[in-house]
Amino acid sequence: MNTAPTRHEPAPGQRRAAASASAATTPTRRERKKIETRAALETAALRLFAKQGYERTTVEEIAEAADVAVRTFFRYFQSKQHVLYGDVALNITGRMRVALLARPDTESPVEAVGAALDAMELGDPDQQQQVLDRLRLMERLPELGGTYHMIFQHLHDVIAEYVADRTRLHPVDLYPQLLAAAATAAIKAALAVFEAAGGRQSLTELRAAAYTSLTAGIGDPPA
């Protein structure tokens with residue numbers, strides 16, 4: 001009597017599905033080329049910004065340094081600001097608004113904002129390295145700080161508006177302002193420590209710890 005375990009072959013449909021899933025996770029040659037071109041533009045831009053300053057660097061020079069045409073630059077980035085701060089930073093307010101609206105009403109405002117921040121974390125090491133490179137560049141070129149602070153102000157406003165809507169308060173009332181300030185301060189503090197540590201500490205853990213500390217005394221909204 002044959003006691004060997006029966007080998008079950010996957011059905012043809014299952015094999016096709018597995019193959020499709022594998023293909024979907026493997027970048028095509030064209031996709032790899034796009035990734036490489038984008039990375040080359042970012043590297044060239046950051047190098048030129050550090051060497052001759054942000055204002056003095058032109059899109060034409062960035063494209064030339066990356067060995068691509070100017071029109072190719074604009075296929076990947078809308079402006080110099082986009083290549084400097086990256087799409088992640090410049091789109092952060094829209095992403096935060098979506099993340100906040102996805103939170104259930106059963107969560108307190110403090111919990112909801114914290115969960116939204118968690119959902120937006122940059123877990124990819126390459127993305128974190130780009131954040132570190134840009135922070136170091138802004139340290140060397142203080143004139144770049146204006147847009148940096150503008151991004152955080154917009155983020156603050158989005159959070160304050162959400163909290164105000166949840167609590168039936170005005171966005172400039174104390175509670176929405178306190179919670180928005182705590183959230184943005186947590187991100188700034190985490191970024192400062194992350195940069196000082198040379199990227200060797202977890203940005204996610206730093207931000208979570210800072211947010212927990214800063215919101216410990218905020219509590220529930222006023223009745």
Side-chain angles (χ1 to χ4, degrees), residues 54 77-124 127-128 130-132 134-135 137-139 141-197 199 201-223:
Y54 175 77
F77 301 99
Q78 295 179 28
S79 66
K80 278 199 307 181
Q81 280 193 349
H82 277 79
V83 73
L84 171 61
Y85 294 98
D87 292 334
V88 170
L90 290 173
N91 295 335
I92 193 170
T93 53
R95 292 170 54 235
M96 173 56 79
R97 187 175 285 108
V98 171
L100 288 169
L101 292 176
R103 304 316 307 166
D105 292 340
T106 53
E107 293 178 342
S108 70
V110 171
E111 291 171 333
V113 173
L117 290 173
D118 289 341
M120 294 175 56
E121 290 293 358
L122 301 178
D124 187 287
Q127 289 182 325
Q128 294 199 9
Q130 289 178 14
V131 169
L132 184 60
R134 286 169 168 85
L135 288 171
L137 182 60
M138 285 189 289
E139 188 74 21
L141 302 172
E143 66 268 25
L144 302 180
T147 301
Y148 176 79
H149 293 300
M150 179 192 71
I151 290 169
F152 273 99
Q153 184 58 53
H154 289 171
L155 184 63
H156 175 104
D157 293 343
V158 166
I159 296 172
E161 289 168 5
Y162 167 80
V163 175
D165 184 64
R166 281 285 312 273
T167 57
R168 298 184 180 180
L169 296 170
H170 195 278
V172 295
D173 283 341
L174 185 58
Y175 187 84
Q177 286 294 310
L178 276 175
L179 189 44
T184 53
I187 299 172
K188 289 180 181 179
L191 288 172
V193 176
F194 180 72
E195 180 190 7
Q201 293 193 32
S202 168
L203 186 56
T204 299
E205 292 177 3
L206 288 169
R207 198 275 312 152
Y211 183 76
T212 299
S213 297
L214 289 169
T215 56
I218 293 180
D220 295 326

What distance separates [X] [atom1] from [Y] [atom2], expressed to the nearest 0.5 Å?
X      : Y      : atom1 : atom2 : result
Ile187 : Leu206 : CD1   : CG    : 12.5 Å
Thr184 : Leu214 : OG1   : CG    : 9.0 Å
Asp118 : Arg207 : CG    : CZ    : 4.5 Å
His156 : Leu179 : NE2   : CG    : 9.5 Å
Leu84  : Leu137 : CG    : CG    : 6.0 Å

What is the minimum heavy-atom distance between [X] and [Y], and which atoms define it?
X      : Y      : result
Pro176 : Ala160 : CB-O, 3.6 Å
Ser108 : Asp220 : CB-OD1, 4.4 Å
Ala112 : Leu100 : O-CD2, 4.2 Å
Met138 : Tyr148 : CE-CD1, 3.5 Å
Lys80  : Tyr54  : NZ-O, 2.8 Å
Ala183 : Leu117 : CB-CD1, 4.1 Å

Does the side chain of [Y] come within less than 4.5 Å of [X]'s, by heavy atoms?
X      : Y      : answer
Gln153 : Asp157 : yes
Leu178 : Val163 : no
Arg95  : Ile92  : yes
Arg97  : Glu161 : yes

Indicate yes or no for a side-chain donor-acceptor contact from Thr215 to the backbone of Ile218 under 3.5 Å, with no hydrogens or angles considered.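 Such a contact is absent between Thr215 side chain and Ile218 backbone.
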Between Tyr211 and Val110 (side chain of the first, backbone of the second, donor and acceptor by atom type, cut-off under 3.5 Å), is there such a pair?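 Yes, because the side chain of Tyr211 sits within donor-acceptor range (under 3.5 Å) of the backbone of Val110.
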Under 6.0 Å from the CD atom of Glu107, do we count more than 12 heavy atoms belonging to anything else shown? yes
Should the heavy atoms of other residues, nucleotides or ligands under 6.0 Å from CD of Glu205 be counted, would the total exceed 12? no
From Gln177, Met96, His154, residue fulfilling side-chain contact (heavy atoms from CB on, under 4.5 Å) relative to Ile159: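 Output: one option passes, namely Met96.
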